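Below: one structure, written as structure tokens.
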Number of protein chains: 2
Amino acid sequence: MNTEIISEFPDKEKRQKDFNCSIGFAMTVIGSKWRAIILWHILKNSHIRYGELKKGIPNISHKVLAEELKKLEADSLITRKSYPEIPPKVEYNPTSRGQSLYKVLNELCIWGKEHMN
Amino acid sequence: MNTEIISEFPDKEKRQKDFNCSIGFAMTVIGSKWRAIILWHILKNSHIRYGELKKGIPNISHKVLAEELKKLEADSLITRKSYPEIPPKVEYNPTSRGQSLYKVLNELCIWGKEHMN
DNA sequence: CGGGATCCCCCATGATACTG
DNA sequence: CAGTATCATGGGGGATCCCG
């Protein structure tokens, strides 16, 4: 049973209207400096915690990571599960929509590996 | 015979260092608001002219299109061929490196189509 | 026709400090 | 541990005018 809630993309009409192009729309979803990397880490490591993400993504600032996680959640690409413990514990997981980006990010990853060296 | 010149990526070390991640590196190449769309048009339409690109990409400004074309050329993703005529004529074509991004952009396009509506 | 040159604005990114 | 709150800044992006 799948209980995850996949809402509409925020500003969906605006995103569509600005580009009238599916690549442009896709770039509004993953096309920031860090968003694709963050999502990739979460796709590769389910139940990953905030601190693990921070360690796994060198050079990202604390503020940007927190903001991007909220945006990814707003786009229903990931879910956030908070455990009421001391100290706090938070886990991030991909939604089915997030997982639907696996092929795209995987191609991006392959291309990058082949061309960055 | 292939005479195209594929140079190193400008700022290659910096791009590598900033991310230490192949997805991050790839995003420095296609991850701006318009670059992926422009490259996609050129991949789909060889010998495309500046004016055709401008018409084919709604809402892009003149300045940004000209700038991004120069960046794509600097990254050896496209070539620019200028014909010494009056009025001027300029054609853009993908390089083999540009064509190597076809799979990535195609996946991005497919994903966008499936999720933007 | 295919640009360059200027001016300007906003937002993504970043640094730092504070909190439950 | 996993966040908010604030402030500063650089450059991506846009509008407009000029040019061979």
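Not measured: the values here are computed from a predicted model. We name chains A, B, ... by the order of the sequence lines, and we start the count at 1 in each one.
Whole-Å rounding puts the Arg35(A) CZ to dC11(C) P distance at 14 Å. In this structure, the CG atom of Leu72(A) is 14 Å from the P atom of dA12(C), given to the nearest Å. Nucleotide dA15(C) holds its P atom 9 Å from the CG atom of Asn59(A), rounded to whole Å. Atom pair Ile60(B):CD1 and dG2(C):P shows a separation of 15 Å (rounding to whole Å applied). In this structure, CG of Leu65(B) is placed 15 Å from C1' of dG12(D), rounded to the nearest angstrom. Atom C1' of nucleotide dT13(C) and atom CD1 of Ile57(A) are separated by 15 Å, given to the nearest angstrom. Atoms CG (Leu69(B)) and P (dG3(C)) sit 7 Å apart, rounded to a whole Å. Atom C1' of nucleotide dG2(C) and atom CD of Glu91(B) are separated by 13 Å, given to the nearest angstrom.
Side-chain atoms of Arg35(A) do not come within 3.5 Å of backbone N or O of Glu68(A) as any donor-acceptor pair. Under a 3.5 Å cut-off, the side chain of Lys54(B) and the backbone N or O of Ile60(B) do form a donor-acceptor pair.
Contact check for Tyr50(B) versus Arg80(B): no side-chain heavy atoms found under the 4.5 Å cut-off. At a threshold of 4.5 Å between non-hydrogen side-chain atoms, the residues Leu108(B) and Met27(A) count as touching.
For residues 14-31 of chain A, proximity to DNA chain D is found at no residue, defined as any non-hydrogen atom under 4.0 angstrom from a strand atom.
The phosphate of dA2(D) (OP1 or OP2) has no side-chain N or O of Arg80(A) nearer than 4.0 angstrom. At dA2(D), one or more side-chain N or O atoms of Arg49(A) fall inside 4.0 Å of OP1 or OP2 (strictly under the cut-off).
Using cut-offs of 30° and 60° on the angle between ring planes, the pair Phe9(A) and Trp111(B) is perpendicular.
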Could you go through nucleotides 4-8 of chain D and list every protein N or O atom that sits under 3.5 Å from one of its N or O atoms, giving the distance for each pair?
residue : atom : partner  : partner atom : Å
dT4(D)  : O4   : His62(A) : NE2          : 3.1

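Between Lys81(A) and Glu91(A), none of the side-chain N atoms (NZ, or NE/NH1/NH2) sits under 4.0 Å from a carboxylate O, so this pair counts as no salt bridge. Ion pairing of Glu8(B) with Lys12(B) is present here, as a side-chain N (NZ or NE/NH1/NH2) and a carboxylate O approach within less than 4.0 Å. Comment: Lys14(B) engages Asp18(B) in a salt bridge, judged by a side-chain N to carboxylate O separation of less than 4.0 angstrom. Salt bridge present: Arg15(A) and Asp75(A) bring a charged side-chain N and a carboxylate O closer than 4.0 Å.
At a threshold of 4.0 angstrom between heavy atoms, the contacts of Lys33(B) are confined to the sugar-phosphate backbone, with no base atom among them. No engagement by Glu52(B) is indicated, since no non-hydrogen atom pair under 4.0 Å with the nucleic acid exists. Within 4.0 Å (heavy atoms only), Tyr92(A) reaches sugar-phosphate atoms of the nucleic acid but no base atom.
Nearest to the side-chain atoms of Val64(B) among the listed nucleotides dT13(C), dA2(D), dG13(D) stands dG13(D).
By the 6.0 Å and 45° rule, Arg49(B) does not stack over the aromatic ring of Tyr83(B).
A residue-by-residue look at Pro87(A) and Ser61(A) shows that Ser61(A) has its nearest nucleotide of DNA chain C further toward the 5' end. Each of Ser32(A) and Val90(B) has a nearest nucleotide on DNA chain C; the 5'-most of these lies closest to Val90(B).
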